[in-house]
Structures are given as structure tokens and as C-alpha cells.
Amino acid sequence: MDLLEQHTRDERRTEAEARLDELADAGVVAVALPWVDTSGITRVKTVPLAKLPSAAAWGVGMSPVFDGFLLDDSIIAGRFAGSATGDLRLHPDLSRLTVLAGQPGWAWAPVDRYTQAGTPHVQCSRSLLRRLVASLAEEGLTVRGAFEIEWVVARPDGTPDDADAFAPALTGPAYGMTRLAEVSDYARDLLDALEAQGVDVDQFHPEYAGGQLEVSVAAEDPVAAADTALLVRNTITAVSSQHGLRVSFSPKVTADGVGNGGHVHLSLWRDGQNLMAGGEGPLGLTRDGEGFVAGLLDHLPALLAVGAPAVASYLRLVPSHWAGAFAAWGLENREAAIRFVTGPEGNRQSAANVEVKCVDLAANPYLLMAACLAVGAAGVRAGSRLPDPVAVDPASLSDDERRDAGIRPLPATLSEAAEAFDADEVLAAAFGEELHATVVDVRRGEVALLEEQTAEQVCRTTRWKH
Ligand code: GLU
Ligand code: MG
């Protein structure tokens, strides 16, 4: 994590060299080196296979200007981002090097961004997450997490009069067996590709909205979970393209209807024990487990600036759409921003977790996971306590009833979330001055970019970006 010493560079080169034959045998010609920018767009550089050892040792050059990119590729003049000068090095994490089953000839390895001096770039979201995982480990705590991925499949050419319009490629009903039959070959190829890439898929199903599907995967270490989120999405895009389909992960594909969520599942562990089960706190939480969930709940408005980072996110985040538009928690409550999941009796020690529902796939998964760890850990350290769990849709309560139950509506706009994030001292300390400022600057930039647009225009601008 610290300075990349010469011996580390040498070890990385040797490790990459040792993989070359196996990769060549698998038909690999080139390696994609992706990272996610502050806005939430995955950017990439690639190297031919023969250059992997040198990329492993020295990284691949990349401008830091991408910290200041917006979703339409315009660039802000941020306090610490957006300058055209300077250079960073993209260092592939070889432990995650994967042959891409959906893109023959390609391998993939997520990167950490370093300075030319060999120190982690202060605005590298993956390095931030690694640091936070290490700092929890110093307190004996481990987090396990997973991202659920929802997406829609569309006809590649839109509608006859509008190539960028959304025309769902499926017609069957929500959770419908007929919809599954329509995507049978596509889904088989997708599951096959994910398995070949070592992704531990838990479930696949047709979702609610037009053309919508979902994959969920097993919980992992937080960095691995964010890497997996990237890999799964990349695989969905690649396999969809092979099947002549266009995909959207946008929080709100059309202005009406239900959006795409990117729910995050989290559990907290110490000494092999799941702190979300078997405790004295509410619904079986241990006191530390309760502190972690309370930390999440207390900081949700600020957390949205990284978890629901697009203007379109707030078109999705409305009551009674299963998006979790209220700061509340509840047992299996799909209208609470934090849904507590215990799993079946007998399996709770391994299954209990919280699902943060108010977040979507415009999020940079490293930044979102980092924010969850930071605020959760703050709740543990402060011994924070939870209000009573909520068992109904908060939208069905009156304002007074919600106030009495301590239920707050979440920010209704990206601008409000950005201001909450700006004022959040826990997240400011965890992210560091530069990255904290850049998140705020990029969010304000996207607000300014889209403020004149109608909801339908915002959906259109955002639809095919993530
Ligand atoms: N599509 C919903 C969302 O926007 C979530 C549906 C579900 O609960 O899985 O988050
Ligand atoms: Mg779902």
C-alpha cells in the first residue's frame, strides 16, 4: 500500500512473466486495465499481453484529469481535479487477473493508481478502500459485502424514429417464466461466462421493470466485492453485445417506472463470528453490529453522494418503488433504505446482513464501499444505537408518525446529498481532503450540467453511460 519499492516492482514483474504462457494458451492477446472515476464511469487502458510484466512493475501512464470527469466526458475545474498536467501509473492487481470469457482474446485486471513517485494516488478509490479495510482489521473487524446488479436489456437500435430511445428487448412479466424463456440462451451464456471467470453467482432472475434482469453474487472481502461488481457488469455488457442486445445499468432508464438498483449487502465479523446475529441488540444484532448499522443509518444522506451519485439517481429514489427512499431500517422491509436480512432460522450466523437499498449502479463501487466502511466503523467506535425497526412502508405513515418514529426522508436531489457529504466530518476524514473535495466538485458539476433538463432528458443523457 505504501511506497512501491524496487523489490515489489521486481516481484510483480516476475509474477506477470510467470502467467504469460497460461494466458497465451487461453488465447489472450491483450489485457484491459480498468478503474472507476469519481463520477462512476469505468475507464480503461489496455496493453498487449507481452507488455503485462512491464505494466505490473511500472504501471501504465494515465492522466489524473479523469478525477474531474463528468458522465458526459466534460471536465470540471475542481479544487483538486480536472487539470491537464501530471501523470499517474495504473498498476494491475495480478491477484485479480481474469481471462474474460465474454470477450475472447482479452484478460482483465483492476488497477490501483499510483503517482510516478510510487505512492498511492490520494484520489484512487480502490486504494482508499484497501486502506479502510486495513484499518478495520487493526480493530479485529472484517466486513463481507456484495453488490446486487440490476440491468435492462434493450433492442440495439432503439425505436424506429429514435436510436437512443429505450425499447425493452423482453416482453414477459416481472419474475415471469416466459421472460426467462425469452432470454434463455443469453442467460445461459452469461452464467457460463461468470462461472468461467470464477464469479460465485448466487442467483439470476427476471426483475420487475420492462426488460429488467438481476444477478446476485456471494459476499466477499470489500475490495474483491467491488472488483466483482466491475467484472460482472463488464461481462453482462460483453455477453449482451454478443447477443445483439444493448444494456443499461442507469438508475432510471425511463422517467416513469422502476429503476435499476445496485443494493449493497454488508455483514461485520470478528474472530469468525458474524456480529449481525446472535447478539443482545435489536433483531439479534450484537452491540458492535448495531453500531455498524446505526453508523450507516446516521450518515445515509451524505452516503448518497457516493451511493446515488447521478442526477438520475433521484428520479429512482422515490417512495414505494423498492428503492428505499426513507432513512429507516426494518426487518425484510423493502421500502426502508436499510433492509435487515436475518436469513432462515438455523442459518442466521452465516446469513444475517444488512442491505443498503437506496444506492444504485451509477456509483463507483470502491467509493461506495469505502463510505459504508467508514461510517459503519464510526458507528461501532461511538457505540451508536438504532431506533426501533420499521415494519411498514414509511410512505404509508403521516409526517407526524414518521417524525415520531425518527424516520427522515432521504435527500430528494443530488445537490442536497452533495451538501450533506460536504458537511460530513467522518467521510471527510476517511476520504482525505482532496478526494472529499473532488466528490463534492464532481457532483456539483453534474448538477449544473443537467439542471435545465427535464426528467426524460436526464434519463436520456444517463441511459447508456454506466
Ligand atoms: N429495482 C429496485 C431498485 O430500484 C429494487 C427491486 C428489488 O427490491 O430488488 O432498487
Ligand atoms: Mg432486485
Side-chain angles (χ1 to χ4, degrees), residues 40 145-154 166 168 170 172-176 179-180 183 187 190 201-219 229 232-233 236 247-266 296 300 303-304 306-341 343 353-363 365 368 372 390-395 409-412 414 417 455 458-459 462-463 466:
F147 290 83
E148 287 181 4
I149 311 285
E150 293 184 338
W151 75 101
V152 297
V153 289
F166 169 63
L170 308 172
Y175 289 79
R179 194 188 291 189
L180 180 60
V183 286
L190 175 60
V201 172
D202 271 346
Q203 291 183 32
F204 165 81
H205 67 268
E207 250 290 347
Y208 185 86
Q212 198 175 35
L213 302 168
E214 174 173 337
V215 156
S216 51
V217 297
V232 170
R233 289 167 54 161
I236 290 167
V247 293
S248 176
F249 300 98
S250 172
K252 196 79 165 173
V253 180
T254 55
D256 48 0
V258 167
N260 287 319
H263 311 167
V264 180
H265 288 264
L266 297 164
L296 286 168
L300 275 182
L303 193 117
L304 282 185
V306 286
V311 171
S313 300
Y314 298 82
L315 300 172
R316 163 185 172 264
L317 196 53
V318 292
S320 308
H321 281 59
W322 290 5
F326 290 94
W329 79 293
L331 179 62
E332 296 288 5
N333 186 343
R334 287 175 175 75
E335 286 299 343
I338 297 181
R339 167 185 170 213
F340 188 57
V341 180
N353 70 88
V354 285
E355 178 185 37
V356 182
K357 284 188 69 84
C358 50
V359 294
D360 62 56
L361 297 172
L368 171 53
C372 290
V390 175
V392 297
D393 178 354
L410 285 171
L414 179 57
V458 168
C459 291
T462 316
R463 193 173 287 146
H466 295 97

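Because only heavy atoms are used, hydrogens play no part in the values below, and waters and symmetry mates are left out as well, while side chains stay in. Order of listing sets the numbers, starting from 1, for every ligand and every atom in it. In this chain, numbering begins with 1 at the start of the sequence shown.
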Any side-chain donor near an acceptor of the partner, S313 and D360, under 3.5 Å: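 Yes, side-chain donor-acceptor contact under 3.5 Å.
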
Flag side-chain contact, heavy atom, 4.5 Å: V264 against E355: no

Rounded to the nearest 0.5 angstrom, the NE2-NZ distance for H321 and K357 is 13.0 Å

Backbone N/O of S216 and side chain of D202: donor-acceptor pair under 3.5 Å: no

At a cut-off of 2.8 Å, what protein N/O/S atoms sit near the Mg ion (ligand 2)?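 E150 OE2, E207 OE2, E214 OE1, with waters left out.
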
Quick test: of every protein heavy atom, which one is nearest to atom 1 (N) of ligand 1, and how far off is it to 0.1 Å? E150 OE1, 2.7 Å

Within a radius of less than 6.0 Å around CZ of F204, do more than 12 heavy atoms belonging to other residues, nucleotides or ligands occur?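 Yes, because the 6.0 Å sphere around CZ of F204 holds more than 12 heavy atoms from other groups.
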
Tell me whether A323 has any N or O atom under 3.5 angstrom from an N or O of ligand 1. no

Is E148 touching ligand 1 with its side chain, its backbone, both, or neither, if touching means heavy atoms under 4.0 Å apart?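 For E148, no heavy atom sits under 4.0 Å from ligand 1.
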
Ligand 1 and N260, any nitrogen or oxygen pair closer than 3.5 angstrom?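 For ligand 1, there is no N or O atom that lies under 3.5 Å from one belonging to N260.
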
Enumerate the atoms of ligand 1 whose separation from the nearest heavy atom of H263 is less than 4.0 angstrom.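 Per the distance check, 3 (C), 5 (C), 7 (C), 8 (O), 9 (O), 10 (O).
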
V253 and side-chain contact (heavy atoms from CB on, under 4.5 Å): which single residue from L315, V258, N260 fits?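 Exactly one option meets the side-chain contact (heavy atoms from CB on, under 4.5 Å) with V253, and it is N260.
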
Quick test: of every protein heavy atom, which one is nearest to atom 9 (O) of ligand 1, and how far off is it to 0.1 Å?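 Answer for atom 9 (O) of ligand 1: E207 OE2, 3.0 Å.
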
Side-chain heavy-atom pair V247, V153 within 4.5 angstrom cut-off: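 SC-SC contact between V247 and V153 confirmed.
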
Suppose I only count heavy atoms of G261 and a 4.0 Å limit; which atoms of ligand 1 are within that range?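 Those qualifying, in numeric order: 3 (C), 4 (O), 10 (O).
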
Closest to atom 10 (O) of ligand 1 by heavy-atom distance, out of E355, R316, H321, is R316

Kindly say whether T254 contributes a backbone atom to a donor-acceptor pair with the side chain of R463 at under 3.5 angstrom?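 Checking the backbone N and O of T254 against the side chain of R463, no donor-acceptor pair under 3.5 Å is found.
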
Can you say whether the rings of H205 and Y175 are parallel (under 30°), tilted (30 to 60°) or perpendicular (over 60°)? parallel

Of all the atoms in ligand 1, which lie at a distance below 4.0 Å from a heavy atom belonging to K357?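 Taking each heavy atom of K357 in turn, ligand 1 has 7 (C), 8 (O) under 4.0 Å.
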
W322 side, atom CH2; E207 side, atom CD - distance, nearest 0.5 Å: 7.0 Å

